[in-house]
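This report concerns only the one structure given below.
Here is the naming used below: chain letters follow the sequence lines, and residue numbers restart at 1 for every chain. Small disclaimer: the values here were computed from a predicted structure and weren't measured.
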Protein chains: 2
Amino acid sequence: MEETAALLKQKGLKVTPQRLAILNLLKNTKEHPTAETIYKKLSSDFPTMSLATVYKTLEVLKNMGLIQELNVGEGSFRYDANTKSHPHVVCISCGKVEDLDESLLKDVMEEVKKHTDYQLVEQKLYFYGYCPNCQHKITN
Amino acid sequence: MEETAALLKQKGLKVTPQRLAILNLLKNTKEHPTAETIYKKLSSDFPTMSLATVYKTLEVLKNMGLIQELNVGEGSFRYDANTKSHPHVVCISCGKVEDLDESLLKDVMEEVKKHTDYQLVEQKLYFYGYCPNCQHKITN
DNA sequence: GTCTATGCAAATTCTTTGCATGTAT
DNA sequence: ATACATGCAAAGAATTTGCATAGAC
């Protein structure tokens with residue numbers, strides 16, 4: 001993943017092992033982890049890394065537009081290397097957070113613009129329900 | 001507002017001045033206040049009321065389905081006496097949070113169901129942009 | 001009178017900050 | 001060599017909890 005290093009450099013950021021690890025982790029997961037989760041996952045590779053570094057790094061990456069911060073309604077933030085603002089589905093049984101196809105947005109935005117005189121620039125769409133897995137559990 | 005007392009009673013809750021005040025405040029505002037805001041607004045009428053009581057009351061009212069909790073992405077929650085899950089617009093200049101017409105939802109949900117195998121039960125839709133007021137400020 | 005709600009203070013959780021040291025450039 | 005990043009510990013904000021007292025029923 002030399003690509004990740006290039007990304008950081010391009011943004012004028014120093015390339016440190018911690019930054020690489022955090023950004024790569026986010027790029028290679030679909031889990032939308034929290035700062036805490038990231039910290040725990042990396043603590044085997046970086047036993048001395050502090051949670052503060054995770055937060056500082058996430059802040060920097062967010063400001064540089066390399067990641068985005070999600071707020072699913074839990075009281076803590078989740079992070080996503082997909083920076084396009086795309087809709088999410090949250091499983092209300094197991095807590096999993098998944099992406100929804102972004103193609104939804106166009107139609108939705110059209111509709112919304114009819115209903116408001118705000119000049120819209122962004123949106124956050126969260127859908128809640130039972131994932132296929134949890135549907136089975138409940139049925140049984 | 002004897003109606004509010006009846007609502008509480010009906011849910012098996014004791015009717016206290018604090019609960020009445022909090023629920024009435026939420027019913028009579030379109031501002032989607034935070035716990036802190038509610039606390040401040042009521043502190044003239046209830047100088048001895050504590051913030052913990054506000055939080056406890058909001059928790060109870062939420063669990064009873066009399067209010068809903070919003071998470072606009074600020075790190076603190078807002079509260080709304082309209083318990084139907086309806087979309088919101090947030091002004092990214094002045095921070096105001098307004099309701100959007102709920103009629104939007106039907107079409108949106110139809111569309112979303114085509115894109116996921118989750119069994120959807122709810123959604124939270126937040127749109128961000130500039131309110132008419134702030135649009136003027138920026139233009140000038 | 002009983003049982004729940006309140007108010008205070010302390011505790012928790014998530015996140016941010018200050019500062020000395022370490023490290024990428 | 002310089003400037004920025006890291007790690008630690010302490011501070012901060014939002015929220016929750018424990019417990020004695022007060023108040024609703």
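Checked by atom type and distance alone, the side chain of A:Tyr39 never pairs as donor or acceptor with a backbone atom of A:Ala52 at under 3.5 Å.
Comparing A:Gly75 and A:Pro17, the nucleotide of DNA chain C nearest to each residue sits closer to the 5' end for A:Gly75.
Nearest nucleotide to the B:Thr16 side chain, out of C:dT17, C:dA5, D:dA5: C:dA5. When each of C:dT6, D:dA24, D:dT15 is scored by its nearest atom to the side-chain atoms of B:Phe77, the top-ranked nucleotide is D:dT15. Which of C:dA5, C:dT15, D:dC25 sits closest to the side chain of B:Val15 comes down to D:dC25. When distances are taken from the side chain of B:Ala52 to each of D:dA5, D:dT17, C:dT16, the shortest belongs to D:dT17. Distance from the side chain of B:Ser76 is smallest for D:dT15 among the nucleotides D:dC25, D:dT15, C:dC14. Nearest to the side-chain atoms of B:Leu13 among the listed nucleotides D:dC8, D:dT15, C:dA5 stands C:dA5.
B:Leu58 has its CG atom 11 Å from the C1' atom of D:dT15, to the nearest Å. C:dT6 atom P lies 12 Å from atom CG of B:Leu42, rounded to whole Å. Atom CG of A:Leu51 is separated from atom P of C:dT17 by 14 Å (rounded to the nearest Å). Between A:Asn71 atom CG and D:dA13 atom P the separation is 19 Å, expressed in whole Å. A:Lys11 places its NZ atom 17 Å from the P atom of C:dT25, with the value rounded to the nearest Å. Separating the NZ atom of B:Lys56 from the C1' atom of D:dC19 is a distance of 9 Å, rounded to the nearest angstrom. Across the protein-nucleic acid pair, B:Met64 atom CE and C:dT4 atom P stand 12 Å apart, rounded to whole Å. Atom P of nucleotide D:dT6 and atom CG of A:Leu8 are separated by 10 Å, given to the nearest angstrom.
Between B:Tyr55 and the phosphate of D:dT16, there is no side-chain N or O to OP1/OP2 separation shorter than 4.0 Å. Residue A:Thr48 has no polar side-chain atom (N or O) positioned under 4.0 Å from OP1 or OP2 of D:dT6.
In summary, A:Lys41 and A:Glu31 engage in a salt bridge, as defined by a charged side-chain N under 4.0 Å from a carboxylate O. The residues A:Lys113 and A:Glu110 are annotated as not salt-bridged, no charged nitrogen and carboxylate oxygen being separated by less than 4.0 angstrom. Taking 4.0 Å as the cut-off between side-chain N and carboxylate O, A:Glu3 and A:Lys27 count as a salt-bridged pair.
The two residues B:Val60 and B:Arg19 make their nearest non-hydrogen contact at CG2-NH2, 4.4 Å.
At the heavy-atom level, A:Thr34 lies nowhere under 4.0 Å from the strands shown. Using a 4.0 Å heavy-atom distance criterion, B:Thr53 is classed as a base contact. In this structure, A:Gln18 reaches the sugar-phosphate backbone alone: every heavy-atom distance under 4.0 Å involves primed, P, OP1 or OP2 atoms, never a base. Within the 4.0 angstrom heavy-atom criterion, no nucleotide atom of any strand lies near B:Val60.
Using a 30° and 60° split on the angle between ring planes, B:His32 and B:His88 fall in the perpendicular class, above 60°.
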